[in-house]
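Notes follow once the structure below has been shown.
Both backbone and side-chain heavy atoms feed into the values below; hydrogens, waters and symmetry mates do not. Labels below follow one simple rule: chain letters A, B, ... track the order of the sequence lines, proteins then strands, and each chain is numbered from 1.
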Amino acid sequence: MKTLKIFLALLFLFLLSTQDGYSWERKKTLKELTNSAPLIVYGKVLEVIPKYEEYLGQKDFIITYVKFSVQTFLKGTGAEQILTIKVTGGQIGDKVIGGERSFPFTKNEEVLLFLSPTENNFYEVYSISGKLTAVANNEGKYLDCSLLKEDDVSKYEPDSLIKSEKIISRIEDYLKLEGGK
Amino acid sequence: MLSFAKSRLTGKMKNVFFFFIILIIASSSVYGQRIFRPIDPEDPYARYGKSPYSGPPFLHFGTTSYTYKISSSLYNSHLSYVDAAFTSWNNSGPVQFSRIIYGLPLTAQAQNYASWGPAWSYPSWNPNTYVLTPDNGSIVLNSSSNCEWRHDRQDLNASPHVIDVQTMVVHEAGHIMGLAHPLTDSYTHNATAPTMAGGDNEYFDNTLECRSLETEDIYGTQFLQLRFPTLYANLQTALNKAGEIGIGYVYDTTNSNIQDEIIYTISSDSRNNLWIGTFSGALLTKNTSEWIAYYVNDASEPVKPYNTINCVKTDHYDNKWLGTFNGLYKFNETGIIN
């Protein structure tokens with residue numbers, strides 16, 4: 001009986017270990033994003049500029065530069081008030097290059113972004129879950145959380161809209177647990 | 001005169017071809033649900049794509065022959081496995097990828113492994129026609145120190161992660177071909193679409209290589225290739241494939257009261273009824289259960305080619321206007337009026 005218990009415990013530990021770890025890029029929970037992204041900001045898109053550039057073996061790959069005005073820094077200091085986010089992919093005329101990292105941005109949209117710095121003072125969206133777009137309606141401002149991985153608080157689904165204040169307050173709580181900004 | 005008529009019919013046979021395929025796709029909602037997920041051209045960044053039952057537009061190929069090239073030495077010791085990954089897709093439909101010195105580049109880049117994962121890709125297409133343009137895209141392996149690239153095993157629990165090249169390339173090539181990730185909750189590692197489900201799955205076995213395609217992976221790409229049916233060698237091959245996938249009904253003279261194999265025009269009205277004009281002058285429509293035929297000439301008479309319905313247009317009052325070699329006809333609930 002004792003041997004069986006040990007075997008079951010080992011089996012349980014083994015199964016747990018196989019659920020972890022990286023694989024193809026996975027969605028992240030709000031807590032994972034908060035703890036791992038170096039910069040978390042809320043603000044507004046000022047300009048979206050797609051350009052042809054040599055990249056990834058392509059002479060005319062499309063890189064999209066997004067000028068972003070920060071209204072609130074939730075995590076990270078030292079960044080400028082106006083950031084330039086570099087997005088790989090985009091659309092120019094009749095050509096689209098789009099991967100899961102080719103986040104669509106539109107002028108004047110408000111977004112909560114999880115960012116990390118890259119070369120030449122540019123920033124990139126930290127994860128495939130790292131862009132939460134604001135959606136306003138009569139009841140207030142919401143964030144589209146479809147790309148977040150579900151956690152013990154929320155089970156996100158396509159078109160999952162959650163009040164902005166609620167998400168921001170959860171981020172602030174996670175940051176407090178981690179010892180501040 | 002004879003040769004003129006013959007060539008005209010040959011050209012029109014293409015319409016027959018398209019008719020059947022369009023019908024297959026248009027009526028797909030009546031079948032059991034498939035679980036592969038094509039990329040949504042109108043929301044291409046949605047991780048899980050769209051249901052094949054949600055209707056057009058879908059991305060598709062414009063021709064059958066594409067190429068890829070190796071742009072990073074990281075692949076050099078794994079070339080046969082890279083080729084095997086593309087061969088899996090080549091075996092599933094008429095579209096063929098071959099490795100030469102130009103085309104879709106397979107590259108490598110050292111990126112933050114925690115946020116980028118082991119591999120990613122950039123599908124490319126024309127946003128107006130939805131035709132895929134793989135040459136403009138890219139497949140990228142992460143060359144950071146957090147992963148070791150092998151061709152004999154995969155172990156995402158090891159440190160650094162041991163990653164199987166063929167498993168990653170076959171998955172990313174699926175994105176290049178217009179497929180997204182299937183819905184996560186539907187899958188386990190041995191599900192019917194393991195390649196495209198990939199690691200985006202809580203239940204995925206981190207030590208499993210997914211080097212070849214399973215049913216839904218194959219059906220996914222075949223579904224997209226059927227969007228451009230001339231990719232297939234002939235109508236019968238395309239019809240057989242569509243039937244195998246079960247993405248819709250195929251109506252012909254053997255299983256319906258459509259008595260004409262040559263279809264000249266298809267139109268829909270404000271109530272989404274299909275109206276089909278045929279060579280022999282029959283105007284066909286379908287209610288919930290059966291096809292109904294109205295004839296420009298008396299149905300009992302021999303076929304009069306000049307009654308062929310070349311086009312059908314619906315006006316605001318839902319009258320159907322039929323263009324024939326014998327002049328203009330109007331159809332409404334009272335019948336066909338010359």
Check your understanding: Contact part of A:Ser102 toward chain B, heavy-atom cut-off under 4.5 Å: side chain, backbone, both or neither?
Key -> both

Point to revise | Largest heavy-atom contact set with chain A, pairs under 4.5 Å, which of B:Ala108, B:Pro123, B:Ser71 | key: B:Pro123

Review point. Are the charged groups of A:Lys51 and A:Asp60 less than 4.0 angstrom apart, N to O?
Key: no

Exercise for review: Kindly say whether the aromatic ring centers of A:Phe61 and A:Tyr52 come within a distance under 6.0 Å.
Suggested key: no

Study note, to complete from the structure: Whatever's closer than 4.5 Å to a heavy atom in chain A on B:Asn128 counts as side chain

Check your understanding: A:Thr118 versus chain B, heavy atoms under 4.5 Å apart: side chain, backbone, both or neither?
Key -> neither

Check your understanding: Quick one: what part of B:Asp135 sits under 4.5 Å from any heavy atom of chain A, side chain, backbone, both or neither?
Key -> backbone

Exercise for review: Examine whether an atom of B:Ser124 lies under 4.5 Å from a heavy atom of chain A, and if so say whether it belongs to the side chain, the backbone or both; otherwise answer neither.
Suggested key: both

Check your understanding: In this structure, which one of B:Tyr66, B:Tyr68, B:Tyr81 forms a ring-ring contact (aromatic ring centres under 6.0 Å, His included) with B:Phe86?
Key -> B:Tyr68

Point to revise | B:Gln109-A:Tyr55 side chain donor-acceptor pair, cut-off 3.5 Å | key: yes

Exercise for review: State whether the number of non-hydrogen atoms from other residues, nucleotides or ligands found under 6.0 Å of A:Asn121 atom CG is greater than 12.
Suggested key: no

Check your understanding: Between B:His175 and B:Tyr122, does the ring centroid distance fall short of 6.0 Å?
Key -> no

Point to revise | For chain A, the option from B:Pro105, B:Pro127, B:Ser121 that forms the most heavy-atom pairs under 4.5 Å | key: B:Pro127

Point to revise | Contacting moiety of A:Glu32, where chain B heavy atoms sit under 4.5 Å | key: neither

